Amino acid sequence: MAHWYEHHKRDLPWRHTRDPYRIWLSEIILQQTRVAQGMPYYKRFVEAYPTVAHMAAADERDVLRLWQGLGYYSRARNLHQTAKLVVNEHAGLFPGTYHKLLTLKGIGTYTAAAIASFAFGERVAVVDGNVYRVLARVFGIEDDITTTSAKKRFAALASRLIAHADDPATFNQAIMEFGAIQCTPTSPDCLLCPLQQPCVAYQTGRQQVLPVKAKKAAVRERFFHYFVFRNGNRLALRERTNRDIWQNLYDFALVETDEPKTGFRQLELSEKLQKLVLYSTQTAAPTEATQLLSHQRIRATFYEFVVPDRLTDDLFDGLSWFSVDQVAALPKPLLIVNYLKTHLEK
DNA sequence: TTCCTGGCCT
DNA sequence: AGGCCAGGAA
């Protein structure tokens, strides 16, 4: 990989300095940012603020103005805050170790390792998105990289590898550059790859699968329209038995839609539900509630009806009458518990 | 058009 | 775990 790096490394301005200020500046700019986009910003910043003292003396709004268009503006605010701290508390000298760098605003594990190794030669491994990808593929690691345990595992592996490197800074640059240019996310250049032979992903055809990354479950939005039927001190509930959330808990008669609806008259009701609604009396304005699950957002509307005695045998779909005391003893989702709490108090 | 990528902070 | 942003890939 060191050999590959010597032949393929890009000529980037921050690779020609060991000035911790410039390395820090470049690393903050390159967080969540591609080199091509960050480059003009780096040049502008170095010109406007050649030293950390220049930056510390600037107004935050000027720093933000210079940052404009790069996104993630907390990076710029932290940049300025840290510049002031370095000048005021550290006499303008950057802390010289990984652990001290970690305490600065805007510097996490990746950036601390980058500065420590590039500026100070410390033997500490960077672990960024490139490194996850390269290691997962070469070593065939199937762990979900979004988990804490996987992050530990990759960091430990990178540490073992850098322990044997001639030069820690070059090792770190090389593995990231390799990930950025050769071992790219969607179409890695495996045919010309020097690691073809040892690469588990290549040998098993799993380049497209590795690294494994749990896609953050898109939060699905669902609209629940609850019909709360009441007769005297009894309420109509049913057990949820479908393959769905809240299995074996109790809720009310339910009509679900994919889209928001205003009022139950916009809903398509089953014949039996329609009849019950028709001959019952709506007793309160509909109320709304939202229940957030890990992967779903339930927006619920509750419609309250009093059912006349002559129709109490007309329940359907597993609904049964429960006295208020019985209801209290049933297992219910929080959405229902909260509704009962606020609408059934007497 | 939508999907994916990317460190740090709270 | 979710928010922060923009741009390149699909």
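Predicted model only: the values in this text are computed from it and were never measured. Residue numbers start from 1 in every chain, and the chains themselves are labelled A, B, ... in the order their sequence lines are given, proteins ahead of strands.
- In this structure, CH2 of A:Trp24 is placed 16 Å from C1' of B:dG7, rounded to the nearest angstrom.
- Annotation: A:Phe305 is in aromatic contact with A:Phe264 [ring centroid separation under 6.0 Å].
- Closest approach of A:Ile141 to A:Leu210, counting heavy atoms only: O-CD2, 3.3 Å.
- Looking at residues 60-89 of chain A, you'll see A:Gly69, A:Leu70, A:Gly71, A:Tyr72, A:Tyr73 sit with a heavy atom under 4.0 Å from some atom of DNA chain C.
- The interatomic distance linking A:Arg133 (CZ) with B:dT5 (P) rounds to 9 Å, in whole Å.
- Protein atom CG of A:Leu102 is 8 Å distant from nucleotide atom P of B:dC8, rounded to whole Å.
- Legend: ring-ring contact (aromatic ring centres under 6.0 Å, His included) pairs involving residues 12-44 of chain A, not counting sequence neighbours, sorted by first then second residue: A:Trp14-A:Tyr42, A:Tyr21-A:Trp24, A:Trp24-A:Phe94.
- Residue A:Ile145 is out of contact with every strand shown, counting any heavy-atom pair closer than 4.0 Å.
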For residues 64-72 of chain A, which side-chain donor-acceptor pairs fall under 3.5 Å, sequence neighbours excluded?
| residue | atom | partner | partner atom | Å |
| --- | --- | --- | --- | --- |
| A:Trp67 | NE1 | A:Gly71 | O | 3.0 |

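- At a non-hydrogen distance threshold of 4.0 Å, A:Gln32 from residues 32-43 of chain A come into contact with DNA chain B.
- Here the P atom of nucleotide B:dC8 and the CG atom of A:Leu30 are 12 Å apart, to the nearest Å.
- The distance between atom CD1 of A:Ile29 and atom P of C:dC4, rounded to the nearest whole Å, is 22 Å.
- Here the closest non-hydrogen pair linking A:Ala163 and A:Arg123 is O-NH1, 3.5 Å.
- Nearest heavy-atom pair across A:Pro95 and A:Lys100 is CB-CB, 3.6 Å.
- A donor-acceptor pair shorter than 3.5 Å can be found between the side chains of A:Arg15 and A:Gln173.
- In this structure, A:Thr109 reaches the B:dC8 phosphate: one of its side-chain N or O atoms is under 4.0 Å from OP1 or OP2.
- Between A:Lys151 atom NZ and B:dG6 atom C1' there is a gap of 12 Å when expressed in whole angstrom units.
- Side chain of A:Asp128, nearest nucleotide from B:dC8, B:dT10, B:dG7: B:dG7.
- Checked by atom type and distance alone, the side chain of A:Asp189 never pairs as donor or acceptor with a backbone atom of A:Gln182 at under 3.5 Å.
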Under 3.5 Å, which donor-acceptor pairs link side chains of residues 25-34 of chain A to any protein atom two or more places apart or in another chain?
| residue | atom | partner | partner atom | Å |
| --- | --- | --- | --- | --- |
| A:Ser26 | OG | A:Arg22 | O | 3.4 |
| A:Ser26 | OG | A:Ile23 | O | 2.8 |
| A:Glu27 | OE1 | A:Tyr110 | OH | 2.7 |
| A:Gln31 | NE2 | A:Gly106 | O | 3.3 |
| A:Gln31 | NE2 | A:Thr111 | OG1 | 2.8 |
| A:Thr33 | OG1 | A:Ile29 | O | 3.1 |
| A:Thr33 | OG1 | A:Gln31 | O | 2.9 |
| A:Thr33 | OG1 | A:Arg75 | NH1 | 3.0 |
| A:Thr33 | OG1 | A:Arg75 | NH2 | 3.4 |

**Item:** Verdict with reasoning, A:Arg10 to A:Glu177, per salt bridge (Lys or Arg N to Asp or Glu O under 4.0 Å)
**Value:** CA-CA 8 Å; A:Arg10 293 166 290 183; A:Glu177 193 79 340; 2.8 Å; yes

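- A donor-acceptor pair is defined here as one N or O able to donate and one able to accept, closer than 3.5 Å; no such pair exists between the side chain of A:Asn172 and the backbone of A:Asp167.
- Contacts between residues 136-144 of chain A and DNA chain C, defined by a heavy-atom separation under 4.0 Å, are absent.
- OP1 or OP2 of B:dC8 sits under 4.0 Å from a side-chain N or O of A:Thr111.
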